[in-house]
Amino acid sequence: MSRSLDQTTLRHLALYYSSDDEFVESVGAFVREGLDTGESVMVAVPGAKVEWLREHAGADAGDVSWFDMVELGRNPARIIPAIRGFIDANPGRTARMVGEPIWRGRSDSETIEGTHHEALINLAFADADVTILCPYDLALDGDTLCESHRTHPLLVEGGRRLASESYSADAVAEVGYDALAPAPGSVETFAPSDDLLALRAALLERLEGIPISTVRRMDMLVAVNEAAGNALRHTGQPAQVRLWLENGSVVCEVAGGGHVQDPLAGRRAPLPSAESGRGLWMINQLCDLSQLRSDGSGTTLRLHMAIA
């Protein structure tokens, strides 16, 4: 099902570029248009691109909220809450945002989660008066570029804005929600137990043998404890916890019963008065990457923490 070019609420566009100059020219024009029309403007792009666009904005750069996507989007699950916070901080104004969550050098797992984030934007901001432009480097692999057609109702190619024939509003939430890649051959499995104290002790002993900082080690311990505790509270059954090393990260997988039905779970900042619903949010803030897969057969949460 294609999407009409006429959108009265969310306008979600993928823009394709083939050089740094084209990136600056095209994205810079989008930012300039927003400034000229009095919109609130947020830009989150990786690394040096922030400074390129600052220079392009010139004297008006101070009117833009700038973020390095390498930090903000290291875990793509953090991006939607940041956009929501920006929109809420500018009530009554049309918002404009540039977000580049996928760039050359991201791991396969990061790219998959970045793609799923792009899909969920369409749900998270369906009724928001916001234009979100997502730049895509044409040097990315073909599968990633094809998936961008499925996650964006509108495409910008060669300066022309087109409706994507691959976008389906009914199926978009499933894009990037593929089965997790198999774990490597060397995996440590912890015996399922409803004794979370014992699980934490066993996991901490193993993590102490991995060269990560004490702070990062404790972040992973808290995240796994939260995931395992959620499984126990909601199903009455202990989760299966596994640990391995992968691409310079320590990975902990927590698999149990239950079904997380809200596709935006963990991507909404909890209200200060909320007595529950903080678990996935906390996990997303602590981990460099979190991969949630949940259906009628159970829930698996795979948590990544970079060693370096």
Under 3.5 Å donor-acceptor, Asn122 side chain and Ala119 backbone: yes

Connected via hydrophobic side-chain network under 4.5 Å: Val24 and Leu35: yes

Within 6.0 angstrom of Arg96 CZ, more than 12 heavy atoms from elsewhere: yes

Shared hydrophobic cluster for Ile283 and Leu292 (ILVMFWY, side-chain gaps under 4.5 Å): yes

Candidates Glu110, Arg302, Glu113 - the one meeting side-chain hydrogen bond (donor to acceptor under 3.5 Å, both in side chains) with Gln291: Glu113

Side-chain ion pair, Arg11 and Asp129, N-O less than 4.0 Å: yes

Spatial distance of atom OG (Ser290) from atom CH2 (Trp281) [nearest 0.5 Å]: 11.5 Å

Nearest atoms (heavy-atom pairs only) where Pro76 meets Gly114: CG-N, 3.8 Å

Co-membership, hydrophobic cluster, residues Ile212 and Leu303, 4.5 Å side-chain: yes

Spatial distance of atom OG1 (Thr144) from atom CD (Glu118) [nearest 0.5 Å]: 11.0 Å

Rounded distance (nearest 0.5 Å) linking atom CD1 of Ile79 with atom CG of Leu120: 11.0 Å

Set of salt bridge (Lys or Arg N to Asp or Glu O under 4.0 Å) partners for Asp36, sequence neighbours left out: Arg32

Donor-acceptor contact below 3.5 Å, side chain Thr37 vs main chain Gly34: yes

Any donor-acceptor pair under 3.5 Å from Gln240 side chain to Phe190 backbone: yes

Heavy-atom pair of closest approach, residues Thr151 and Val172: CA-CG2, 4.2 Å

Asp108 atom CG: more than 12 heavy-atom contacts under 6.0 Å: no

Expected output: side-chain Thr9 to main-chain Ala126 donor-acceptor under 3.5 Å: yes

Salt bridge (Lys or Arg N to Asp or Glu O under 4.0 Å) partners for Glu208, two or more places apart: none

Closest contact, heavy atoms only, Glu100 versus Pro135: CG-O, 3.4 Å

Asp288 side chain to Ala306 backbone, donor-acceptor under 3.5 Å: yes

His12 and His152 aromatic ring geometry - parallel, tilted or perpendicular at 30°/60° bounds: tilted

Within 6.0 angstrom of Arg104 CZ, more than 12 heavy atoms from elsewhere: no

Could you give the side-chain donor-acceptor pairs of residues 260-267 under 3.5 Å, partners two or more places apart or in another chain?
from, atom 1, to, atom 2, distance (Å)
Asp262, OD1, Leu264, N, 2.9
Asp262, OD2, Arg268, NH1, 2.6

Atom pair OG (Ser249) and CG (Leu289), whose distance is rounded to the nearest 0.5 Å: 8.0 Å

Pairwise salt bridge (charged side-chain N to carboxylate O under 4.0 Å, His left out) hits with a residue in residues 225-249, at least two apart: Glu226-Arg233, Arg242-Glu253

Exam field: side chain Arg216 to backbone Ile307, donor-acceptor pair closer than 3.5 Å: no

Cluster check Leu133, Leu140: I/L/V/M/F/W/Y, side chain < 4.5 angstrom: no

Pairs involving residues 219-268, ordered by first then second residue, that meet ring-ring contact (aromatic ring centres under 6.0 Å, His included) (sequence neighbours left out): none

Single-linkage hydrophobic cluster Phe125~Met69, side-chain heavy atoms < 4.5 angstrom: yes

OG1 on Thr214 to CG on Leu207, rounded to 0.5 Å: 11.0 Å

Check: Gly47 main-chain N/O paired with Asp68 side-chain donor or acceptor under 3.5 Å: yes

Euclidean distance, Asp21 CG relative to Trp52 CH2, rounded to 0.5 Å: 8.5 Å

Determine all donor-acceptor pairs shorter than 3.5 Å in which one atom belongs to a side chain in residues 81-88; sequence neighbours excluded.
from, atom 1, to, atom 2, distance (Å)
Arg84, NH2, Ala124, O, 3.2

Salt bridge present between Glu157 and Arg160 (N-O < 4.0 angstrom): no

Check: Tyr16 side chain, Leu155 main-chain N or O, donor-acceptor pair, under 3.5 Å: no

Backbone N/O of Val70 and side chain of Trp103: donor-acceptor pair under 3.5 Å: no

Donor-acceptor under 3.5 Å (Thr115 side chain, Gly176 main chain): no

